[in-house]
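Before any comments, here is the structure.
For ligands, and for the atoms within them, numbers begin at 1 and follow the listed sequence.
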Amino acid sequence: MCGIVGYIGQKNAQEIIVGGLRKLEYRGYDSAGVAVLTENGLAHDKAKGRLAELEALLEVKPLEGTAGIGHTRWATHGKPSRENSHPHLDEKQKFAVVHNGIIENFLSIKEELIAKGYKFISETDTEVIAHLLADLYDGDLESTVRQAIKKMRGAYALGIMSEYEPDKLIAARLASPLIVGIGEGEAFIGSDIPAILEHTRDVYILNEGEMAVLTRNGIELSVAETGEKIERDIFHVEWDLVQAEKGGYDSFMLKEIYEQPQAIRDTMGSRIDVDTNKVVLPEIKMSAEELSQFNHIYIVACGTSMHAGLVGKEVIEKLVRVPVAVEVASEFRYRDPIFTDKTLVVVISQSGETADTLAALREAKKSGVKVLAITNVVGSSVAREADEVIYTWAGPEVAVASTKAYTCQVISLYLFALYFAQVKGTQSDAQIAEITTNLLELPGKVAEILENPEAIREFANTLTDVTSLFFIGRGLDFAVTLEGSLKLKEISYIHSEAYAAGELKHGTLALIEDNVPVICLATQPDIYEKTVSNIVEVIARGARTLGFAVAGDEELGKTVDSVIHIPQTLPFLSPVLSVIPLQLLAYYASAARGLDVDKPRNLAKSVTVE
Ligand code: HGA
């Protein structure tokens, strides 16, 4: 997620914090704020929009002090606004908190606090932390933070300060990155290295569930819940600023590929109730009756989002038995689609500003049809204009070629399909539980694939002189090959086509000749043998084949030239796994050709023109 900077020392905290936030601007954000301990106690200011808006306020009314915390927000819970931006403070303004991530159980904590009389002024999940600290405060900030952390579930990187203990900052993390910087008589908090690189290159990298107490005399690390002290080696940062912005990866795309386990976890987190194993979507405002009357769905999107929609179609049809048509937005908007009062339109857009998707949404709404949006950007045009929104909590995506947004869109479509199935009663509780249990295992399985990129890299290195290649698969595998092919085209400029394996012999097979690479997905058991027959057909024409099979499949390797296994899961969840090596393949093919992976020619991140 976005940016945290904290400082305690001898210098002007506001200047150091705002300077650090500026170094994090490249990640994208919608608002910013800072809190400083001044002579008159805890003071703060915040503003919607660019950092310059905050700076203009601070110029008029500077916050004088030598300890403070700051934040650039990229909204997940509540629209971008001054009220929702961080820091968040308790009612008496004694505690200030900045937070990256999502507090999954914030609603239940909020209800408890409201029952005790606490008043909330924002829509965020983060605000609960400030009130919780005020509620739990026992005269010792450190132990209070530990108690608060025990109550919170989800993902967080936190910067905390209190007027009661002015010579201290607290940093804590679970599943969101956080570092503390070591200085002479000063210490820093940063969500990313660039935030503090100007001031120090010596840092402690906090691990899961760890906490740091920063004073002007030093930094103490401990296990957040127990207080057990931790000894940690200092990490000396050798990176320059550009490398640091990419977290040490060669490109934003690779960084974002590797962020997928966390992004998927965040997107599912609070939406799967681990006690009941059911999906909860409190953001859906329409009633169960209203939702269950839909008997026809259009999924409308462009590019990668449309490919996510193709997976969604299979999943919704399988779980709910409601027909789904997937439409390219630029076509849909002009083609007079058939709407009835039982039609639901689902639009998908990473940025929420995709011009064709937005136009399609407006066409649907003009006809009185309900629209559900799946988007990554809170408060975007698509989110504002749709009747219902499910946010993908993928975090900001910088690389033009979308990766983590795609997997989170697919996850959101699974969640929607399951919720729809629950409402319509088309799946038993046991079936739903089996699926949600398997969904929760996906982040770990994605991480497993990412740990072993070597075989993919080797194959990608053989593609430097290739001018054309093919992807084949059936059913859900075909949907994934479309995305794999698009990714390869976008960033490696190699011509590629994804084909439904059974369609090949109706024309495209004529293009297969000696040494043409064909990437074959065979992860779907019900059509496995049919797919293998098609693979054999391309091999007979001289194709060089790379196969993808599910772990435990010892057969495919006997047919194809080389095989890569993905972990086992329910077959209809496999797209989230099988797409990962295809993203890596595109990345390594592009890198091997020496291309600019993050900024492919002719393309833009957010397509806001028709
Ligand atoms: N969930 C919090 C924090 C989001 C974030 O990480 N922003 O940078 C919110 O919506 O404010």
Does a donor on one side chain and an acceptor on the other come within less than 3.5 Å for Thr304 and Ser402? no

In ligand 1, the atoms that come under 4.0 Å of a heavy atom of Thr126 are 2 (C), 11 (O)

Please check: side-chain N/O of Gln262 versus main-chain N/O of Ala175, any donor-acceptor pairing under 3.5 Å? yes

Residue Asp125 vicinity, atoms of ligand 1 by number, heavy atom under 4.0 Å: 1 (N), 2 (C), 9 (C), 10 (O)

Do Ile102 and ligand 1 have an N or O pair less than 3.5 Å apart? no

Has the side chain of Glu210 got a donor or acceptor atom that lies under 3.5 Å from a matching backbone atom of Asn207? yes

Consider ligand 1: state whether an atom of it lies below 4.0 angstrom from any non-hydrogen atom of Gly78. no

Geometry only, no angles: is Asn84 polar-contacting ligand 1 at N/O separations under 3.5 Å? no

For the aromatic rings, using the six-membered ring if either is Trp, is the centroid distance between Tyr587 and Tyr249 under 6.0 Å? no

Can you confirm, on distance only, whether ligand 1 has an N/O atom lying under 3.5 Å from any N/O atom belonging to Trp74? yes

Would you check whether Gly101 has a nitrogen or oxygen atom less than 3.5 angstrom from a nitrogen or oxygen atom of ligand 1? yes

For Glu397, salt bridge (Lys or Arg N to Asp or Glu O under 4.0 Å) partners two or more places apart: Lys605

Logged contact type for Thr72 with ligand 1, heavy-atom cut-off 4.0 Å, is backbone

Could you list the atoms of ligand 1 found under 4.0 angstrom from a heavy atom of Thr124? 11 (O)

Residues two or more places apart in sequence or in another chain: which of them pass salt bridge (Lys or Arg N to Asp or Glu O under 4.0 Å) with Lys48? none

For a ring-ring contact (aromatic ring centres under 6.0 Å, His included) check, start with the C-alpha distance between Phe120 and His131, then their side-chain angles and the critical distance, and finish with the verdict. CA-CA 9 Å; Phe120 282 74; His131 296 298; 4.5 Å; yes

Under 4.0 Å from any heavy atom of Asn100, which atoms of ligand 1 are there? 6 (O), 8 (O)

